[in-house]
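Quick note on labels: first sequence line is chain A, next is B, and so on, each numbered from 1. Values reported hereafter were calculated over all heavy atoms of this structure, with side chains retained and with hydrogens, waters and symmetry mates removed.
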Amino acid sequence: MTIEHRTTIEQRRPVEPTRGFTGRARAADRDPRLPPGQYDAADGWPVLSAEVTPELSPAEWTFRVDGLVTSPRTWTWDDAHELPASEYRGDIHCVTSWSKFGVRFGGASLDAFLAAAGPRPEATHVVAYSHTGYTTNLPLADVTGGKAWIVWEYGDGPLPPEHGGPARLIVPHLYFWKSVKWVAGLRLLDHDEPGFWEQNGYHHRGNPWREERYSGD
Amino acid sequence: MAGTFVPPTRFAVPGRIAVSNRAAAVWQRATVVDVRRENAAGTVSSFRLKVPDWQGHLPGQHLMLRLTAPDGYVAQRHYSIASAPDGSGEIELTLDHVPGGEVSGHLHTVARVGDVVEVRGPLSGFFAWPGDRPALLLGAGSGVVPLMSMLRHWRRAGRPVPLRLLVSARTPEDLIYAQEYGDETTVVLTRTEGRLSAAHVAPLLGPAQPEGGWEAYICGSNGFAEHASRLLVAGGQPVDRIRIERFG
Ligand SMILES: Cc1cc2nc3c(=O)[nH]c(=O)nc-3n(C[C@H](O)[C@H](O)[C@H](O)COP(=O)(O)OP(=O)(O)OC[C@H]3O[C@@H](n4cnc5c(N)ncnc54)[C@H](O)[C@@H]3O)c2cc1C
């Protein structure tokens, strides 16, 4: 039997209940902020990076935008802080099944960085990468129009190192592996180029409301 | 692809194994065929699952397990695979009974032999260890589970390369797989001995390390992962040869 054949059967078969499993959260009174397959991590904030947390001071941190732009640019910590302050208040969702409600991240809108660099009309996608070399791909439309931020504050304080401090990207409408920690730059491209987890079996887009977890979902 | 973008800093630890996207996308029925207590405290048990279409895994990989309520509510969590790949069509998971935990609680208190759950996987080639390079493994609590898959695989393969395991547990009663460790393993009991320290890792990282150095794998809570990875870096282990699996 080929795998393709089995996949077809799999998709047709209705999910049977697990004997004796009722679930703690009832489907009916499930929090509407919770995408399918997610649970509320409440006060917890799991850390899921695959590499050693880098020792990166604000003075060493830089953020670059290049590729298909009219003026490639690199910002230092101080340069970035001169941009208009912008914050995200809302929910975040990790592909490992937890969600966190009502968080606050402070920094600057990615639109401010992109406006300075001037995306060329043929740019359609970006590769976002970190100071550790981690990469992820995003359609340009997913990081423009007030949908993405470079942030250095969490709650009232600085962003903790294990959560991407001194600064990270956040793209809260997608699973959080897209929100590159210790962000180092964005390269604008005219095509899609899978990043680290996407090459390791993850979905290319990662919309939590459609449960786009793994390639093939 | 020509012209693929390579960031100016290389990713510290690239994935090693290309994973099957198909296997990751398909939910399969898994029948519980055995349940075994795995520590003296009785808080950790192994669940042996028969998964007829299991395509095999590499030590260190994990899967996603899903439970479904009659009204369609589902709960899914990641679990590392504890067994070595053996072609038996069966795999084992080892679960810590998390107080108040929805999925681990169900498996520990309700599930019994004959029950069916669903799994998809194996997932992620990032933490996998195919058995080819000297391995230095550091685990705490249930973080020892993927490392045990590596240890079992290594023994089955006739110990082809050096392997050392450092296991941290609070007390002897908490220690998972206590009967299975040999002289490749050092157990650190934190309640009586204190945390894993430089004194434990220094003798492994100096000139005594195997030719070509270690591939290091760290698994456990985030607190343990941060602590253990700092010890290794301070001891001279290159950051691009440390892989970390954090259970949250
Ligand atoms: C890659 C990976 C591999 C893993 N491998 C293993 C493994 O091999 N073995 C293992 O044991 N674990 C493993 N884990 C952890 C596992 O995925 C689960 O997180 C763990 O089993 C807890 O799930 P649960 O459903 O039992 O608990 P959850 O229901 O998720 O609860 C977790 C904690 O939050 C509290 N909590 C959550 N929601 C509520 C609520 N509404 N009200 C009150 N309290 C709440 C619970 O009391 C509990 O303390 C792994 C995790 C990852 C990411």
Side-chain angles (χ1 to χ4, degrees), chain A residues 1 3-4 6-7 10-11 13 15-28 30 36-37 39 41 44 46-55 64 67 96-98 127 129-135 161-162 184-185 187 189 191 193 196-197 199-202 213-217, chain B residues 1 4-5 7-15 18-28 53 55 64 66-78 100 102 106 110-111 115-118 120 123-127 222 225-226 229-230 232-233 239-240 242-248:
Chain A
M1 183 169 64
I3 299 163
E4 284 69 22
R6 204 176 55 231
T7 309
E10 170 71 24
Q11 282 159 355
R13 183 172 60 74
V15 177
E16 298 162 42
T18 315
R19 186 194 64 79
F21 180 69
T22 48
R24 183 175 47 215
R26 306 310 312 138
R30 199 174 146 80
Y39 73 96
V47 176
L48 286 145
S49 29
E51 68 268 53
V52 177
T53 299
E55 282 182 26
R64 180 169 174 81
T96 63
S97 306
W98 56 265
V127 175
Y129 57 96
S130 77
H131 281 275
T132 65
Y134 171 87
T135 55
E162 70 271 27
R187 168 149 307 181
L189 305 171
H191 60 277
E193 225 175 75
F196 176 72
W197 286 121
Q199 289 165 31
N200 274 281
Y202 279 45
R213 296 177 193 274
Y214 299 101
S215 165
D217 280 349
Chain B
M1 196 204 318
T4 296
F5 171 65
T9 33
R10 278 199 328 114
F11 187 33
V13 247
V19 294
S20 156
N21 297 339
R22 281 287 174 189
V26 179
W27 287 104
Q28 303 190 56
D53 286 327
Q55 309 216 320
M64 181 95 102
R66 167 167 95 175
L67 307 176
T68 305
D71 61 2
Y73 171 79
V74 298
Q76 53 186 14
R77 301 286 186 272
H78 286 95
E102 185 171 29
H106 172 86
V110 181
D115 279 3
V116 175
V117 297
E118 288 180 295
R120 75 196 294 201
L123 305 173
S124 178
F126 174 76
F127 199 69
N222 179 54
E226 288 291 307
S229 61
R230 271 191 221 115
L232 290 189
V233 172
V239 284
D240 59 356
I242 302 174
R243 280 152 222 279
I244 307 179
E245 185 100 284
R246 303 166 198 250
F247 282 4

Which region of [X], side chain (C-beta onward) or backbone (N, CA, C, O), has a non-hydrogen atom less than 4.5 Å from a non-hydrogen atom of chain B, or is it both or neither?
| X | value |
| --- | --- |
| A/W98 | neither |
| A/Y134 | both |
| A/R19 | both |
| A/S130 | backbone |
| A/T96 | both |
| A/R64 | neither |

So, taking the atom named [atom1] in [X] and the one named [atom2] in [Y], what distance separates them when rounded to the nearest 0.5 Å?
| X | Y | atom1 | atom2 | result |
| --- | --- | --- | --- | --- |
| A/Y214 | B/M64 | OH | CE | 4.5 Å |
| B/H78 | A/L48 | NE2 | CG | 9.0 Å |
| B/D240 | A/T132 | CG | OG1 | 11.0 Å |
| A/H191 | B/F5 | NE2 | CZ | 11.0 Å |

Is B/R66 positioned over the aromatic face of A/F21, cation under 6.0 angstrom from the ring centre and no more than 45 degrees off axis? no
Exam field: side chain A/T18 to backbone B/T68, donor-acceptor pair closer than 3.5 Å: yes
Pick from A/H131, A/E162, A/R213, A/E55: which one has the most heavy-atom pairs with chain B under 4.5 Å? A/R213
So which residue, A/A50, A/S97, A/P17, ends up with the most heavy-atom pairs under 4.5 Å with chain B? A/A50
So what's closer than 4.5 Å to chain A heavy atoms on [X]: side chain, backbone, both or neither?
| X | value |
| --- | --- |
| B/A225 | neither |
| B/V116 | backbone |
| B/L123 | side chain |

Closest heavy-atom pair and its distance - [X], [Y]:
| X | Y | answer |
| --- | --- | --- |
| B/A69 | A/T22 | CB-O, 3.3 Å |
| B/P8 | A/Y129 | CD-CE1, 3.5 Å |
| B/Y73 | A/G23 | CE2-CA, 3.7 Å |
| A/S49 | B/R246 | O-NE, 2.7 Å |

Name the option with the most non-hydrogen atom pairs under 4.5 Å to chain A; the candidates are B/R230, B/E226, B/R243, B/H106. B/H106
Under 4.5 Å between any side-chain heavy atoms of B/F126 and A/E51, yes or no? no
